[in-house]
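Heads up, the thing below is written out as structure tokens.
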Amino acid sequence: MQTWSLVSICVLLALVVRWGVSLNSYSGAGKPPMFGDYEAQRHWQEVTYNLPLQEWYFNTTENDLMYWGLDYPPLTAYHSLICAYVAKSINPEWVELHKSRGYESPKHKLFMRATVLVADLILFIPAVVLYCLYLTDGSSRKKVSTLFCFLLYPGLILIDYGHFQYNGVSLGLALWGVLALGLGWDALGSLAFCLALNYKQMELYHALPFFCYLLGKSVQLGLMGRGLFLLVRIASTVLGTFALCWLPFLSDPDHAMQVVRRIFPVARGLFEDKVANTWCSLNVLVKVRYILSSDSQIYLSLACTLLAVLPSCVRLLTKPTFWQFKLALANSSLAFFLFSYQVHEKSILLVALPVCLLLNDLPLVAIWFLHASTFRGLTACAGWFEAMWFTVALSKHDTEDMKHDASVSEGRSAGALRCDLAGLPVLQHLFTVSTGALFRGYLETGSLPQAAFLPPQTGPGLDREMEVLHQRRGHGGSELCDCRSGSSITSA
Amino acid sequence: TVMAAAGSCSWFPPLALGVSLLKCLFINAYHSTDFEVHRNWLAITHSLPVSRWYHENSSVWTLDYPPLFAWFQWSLSHVAQHFDSNMLRVENLDYVSPGAVLFQRLSVVFTDGVFIYGATECCRCVQEPKEQRDVLSRPSFVLAVLLLWNFGLLVVDHLHFQYNGFLFGFLLLSLAKHLQHRHLQGALLFSILLNLKHIYLYMAPAYGVYLLRSYCFTQDHRDGSVRWSSFSPLRLLALGAIVTSVCALSFGPFVAMGQLLSLSTLGVHLKLLEEAELPRASMTGGLVQEFHHSVLPSVTPSVTLVCTLLSILPALLSLWGGPRGPRAFLRVLLICSLGSFLFGWHVHEKAVLLAILPLSILAVQNREDAGTFLVLTTTGHYSLFPLLFTPAEFPIKVLLMLMFTIYSFTALRKLHSGPGRLLRPLEYAYLLGLNAVAITCEVALPLSPWQQTLPFLPLLVTSVYCSVGVCHSFLRLYVSLLRPEEKPKQL
């Protein structure tokens, strides 16, 4: 069959699966007074539509930061504003200031789910299709199999369409950045990645590889000639993009600092709740949180993260090829996930994206990781395995040889991804998506009939978390820490 | 003759499992009143003694399927009590709980196993071409996808809610047995099917004529006419025994209790629900139980019966006329289904599936039938759109329809690659026109001011437009049946 028909069938099936998941309940459904991420997004639409820009990130009488205050960079706010305009034209009650708190109705749910789908359709899915068709090698059948697996990755579907978030936008923009870099359009790639950074600050997990790749490429081209020109072009693109996104906030330095404080709230501790990274796992044996002071915890996590990230980045600096770049993306995001400060379990999506990029080249490792990443408890094991694998892979000789070795051994040993049909991994994806959508509740309550209708929670300690955060006051920022999505209670 | 599909069928389990997992995603989607119908039947069969099953009428959805289906619901009810025993109380009308929804939806997914088995058997009956093709271009693969991932079945069974997959499984098994010349098994399966849902009576004439002609008369004259001397009373007795024993098993207990009269409600019962418009020859404007046309002449049940019989008579006669083999039987079966769909009384639009699913078997083997299949399927599937009128399910039906249509067109075109196209330009134009109808009826009209004054306008437009396509497919089937076969091997 022709490639276009296979691709369109894959995309249509991916959309059906996404919409099927979105028929289920969302985070915080029917749970006053705080509700969940869904209410946070709706509240941001309300805030950005009704209040002037200067008040969005400040605690004022109109804007109570304790109730889902904005804690993402400005692009999220602009996106919420656009959605709010659409919402207002359909039903003004959805974004009425103060009165629309906790608004829930089937039509509103349909609208919100539709916004996620539209964002995915515009940003994420085209990037995936283009990547699989143009930046992977193999027969067209193999490319379609990769596309199939990539689009059906359960983690992203369950979080974006089940729990309710807009990770597809930031991951999509980052993917456009990777795509552009792969095609040799460096300035456009940096533009896309800067937009991704300005949408969700968690994209900083991917920042180091982008930086090292572009710097390494400039150095390779010669710092006295074309390399310098490239460097200047990229630098100006980055600065220009940041300036454009932050323009309304740059008029007042205090304003900008407040936004930064909202985006990077430190002093929440090394980790919160159970997340499958090193610190949480280590805490079982050695109570790291209580042994070390808060500052030492920061320095320890900084040191460990840098140590884990350094080899791949240095290698990328010296040998800036696209293959190295993809490996470094996976390594860097995984290192950040394992060792960083205040990591949220949803950050595993940031690791999953680069691993999906490697589906074609390292199918067994990639599929194994992607499945493990969807289930909480196993992620630490998967993470360690992956970190070791990538470090070993990078320390091997030549990139071309290694790539050839890896793919040949994968093909012989695992056969996890057949060239004609990506049957088994796709089935596993579908199984995970359908059971995940239905039974996330079961994992919380243990009661089977109720399970299908419970809203997926961020974690069992959500309420407890709110209390803990209530008691803290956070200031300052650190690029290592990752913020909780949508649950910020700390005030300036 | 029939050949088993060569090579290993390692692609079949992933297809079957994949579609089953997809069905699980729709568990929390919209379900129609049929959900309450089946819940009520679960309650009736579980809580009441057998003598009361067909008398219980505290709900409007009284039991109006034959007894074997009632026993099927009875066996399901034993599993249901572990999910939510409250749904088995007859007085709990319109009872909906998470447990009830989960059980009912999962029961449809699991009983679809019969359909999957039927599809397996049908795929085995498909002739493989001589040259070794890759998996995606094999007729058995295409048939498997067209059957397992059929849009109509997915939408009617797993969104609207019914047990058609379970029933069609029996039909496919019966057809497969006939294609393999195991006529007694085929007859047994069809008798069971008739006792599960009596709508399949529409196909009974085809079965009757074919079995009588090709099974009871063992030999034919050289020119194809029947050799009366070769009549085998033994075979007729065997067939009769099978049919009567199955009917006795199903109706026996009720006859013994003297309830035969109440079972007559099976055929005549008019459901008190809003009947959607159907793409049928006798178009109407409106609905509820009985109505009289204000403009067109009134239609009565006897008139529709006569029309139906007249429409299928030529096909039955041609089947009697000569030994045409199982494929001709399949064609006549399709004509019977479509004829009764077009002219029958109180036909639901879901009945178009009775024609679409068996036609898939012919479509992967014959170029002409592939063209008919494309027209009928696209039109028939689109006519199911009004069944799912909720906004939340709108993307699902559009996306699934697009998926199935793209696949069926590209796969069948690849399969029957040769000179010329599968469809004539006018047919392509008609199918493209469906897009315009879809946009009008699904988007434009509901948002327009006419929604209040003429609420049935979208349904009317849909039905009238689709009726053209269905009638055209009916005629195409007749032409391909009555045209003399060029290659005897096609049979």
Side-chain angles (χ1 to χ4, degrees), chain A residues 1-25 106-107 109-111 113-114 117 141 144 148 152 157 161 418-439 441 447-454, chain B residues 10-30 82-84 97-103 105-106 109 134-137 141-142 145 149 154 158-159 390-411 413-415:
Chain A
M1 279 175 66
Q2 293 153 311
T3 313
W4 73 264
S5 55
L6 284 173
V7 167
S8 34
I9 290 174
C10 285
V11 170
L12 288 169
L13 185 63
L15 289 173
V16 170
V17 171
R18 281 162 165 76
W19 194 258
V21 172
S22 64
L23 291 174
N24 295 289
S25 187
K107 279 217 171 107
K109 178 181 170 189
L110 194 62
F111 165 72
R113 295 290 196 201
L117 191 73
R141 199 60 64 79
V144 172
F148 210 10
L152 284 181
I157 298 180
Y161 292 87
R418 290 171 58 84
C419 287
D420 48 4
L421 279 177
L424 191 59
V426 165
L427 274 180
Q428 287 171 312
H429 278 334
L430 270 177
F431 172 74
T432 318
V433 167
S434 51
T435 48
L438 290 173
F439 296 110
S447 160
L448 193 62
Q450 257 63 44
F453 294 83
L454 269 185
Chain B
S10 59
W11 43 262
F12 193 89
L15 278 179
L17 203 57
V19 77
S20 306
L21 291 170
L22 185 71
K23 291 168 188 170
C24 292
L25 278 178
F26 300 144
I27 286 184
N28 287 332
Y30 155 80
H82 300 294
F83 278 78
D84 185 353
S97 78
V101 171
L102 191 65
F103 168 72
R105 292 286 200 194
L106 285 181
V109 177
D134 77 314
V135 177
L136 295 190
S137 320
F141 179 83
V142 176
V145 177
W149 287 76
L154 269 175
H158 301 278
L159 284 172
T390 47
E393 278 67 30
F394 177 78
I396 296 180
K397 71 183 180 188
V398 169
L399 293 169
L400 281 178
M401 173 88 185
L402 278 174
M403 237 170 72
F404 187 81
T405 314
I406 291 178
Y407 181 78
S408 54
F409 271 85
T410 44
R413 194 148 19 135
K414 179 88 192 283
L415 207 55

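Reckoned from all heavy atoms, side chains included, excluding hydrogens, waters and symmetry mates. Within every chain, numbering begins at 1; the chains are lettered A, B, ... in the order of the sequence lines, protein sequences first and strands thereafter.
Side chain of A/Trp19 to main chain of B/Ala392: a donor-acceptor pair is present (N/O by atom type, distance under 3.5 Å, no hydrogens or angles).
Here the straight-line distance linking atom CG of A/Leu13 with atom CG of B/Leu402 works out to 13.0 Å at 0.5 Å rounding. How far CE of B/Met403 is from OG of A/Ser5: 12.5 Å, rounded to the nearest 0.5 Å. Here the CD1-OG distance, from B/Ile396 to A/Ser22, works out to 7.5 Å after rounding to the nearest 0.5 Å.
Interface residue A/Leu6: only side-chain heavy atoms are found under 4.5 Å from chain B. Contacts between B/Asp84 and chain A at a heavy-atom distance below 4.5 Å are absent for every atom of the residue.
The side-chain heavy atoms of A/Asn24 and B/Ile27, taken from C-beta on, include no pair separated by under 4.5 Å. At least one side-chain heavy atom of B/Ile406 sits less than 4.5 Å from a side-chain heavy atom of A/Leu12. In this structure, B/Phe404 and A/Ile9 have side chains that are not in contact, with every pair of non-hydrogen atoms separated by 4.5 Å or more.
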- Message: Please determine whether side-chain contact (heavy atoms from CB on, under 4.5 Å) holds for the pair A/Leu23 and B/Leu25, giving the CA-CA distance in whole Å, both sets of side-chain angles, and the decisive distance to 0.1 Å.
- Response: CA-CA 8 Å; A/Leu23 291 174; B/Leu25 278 178; over 6 Å; no
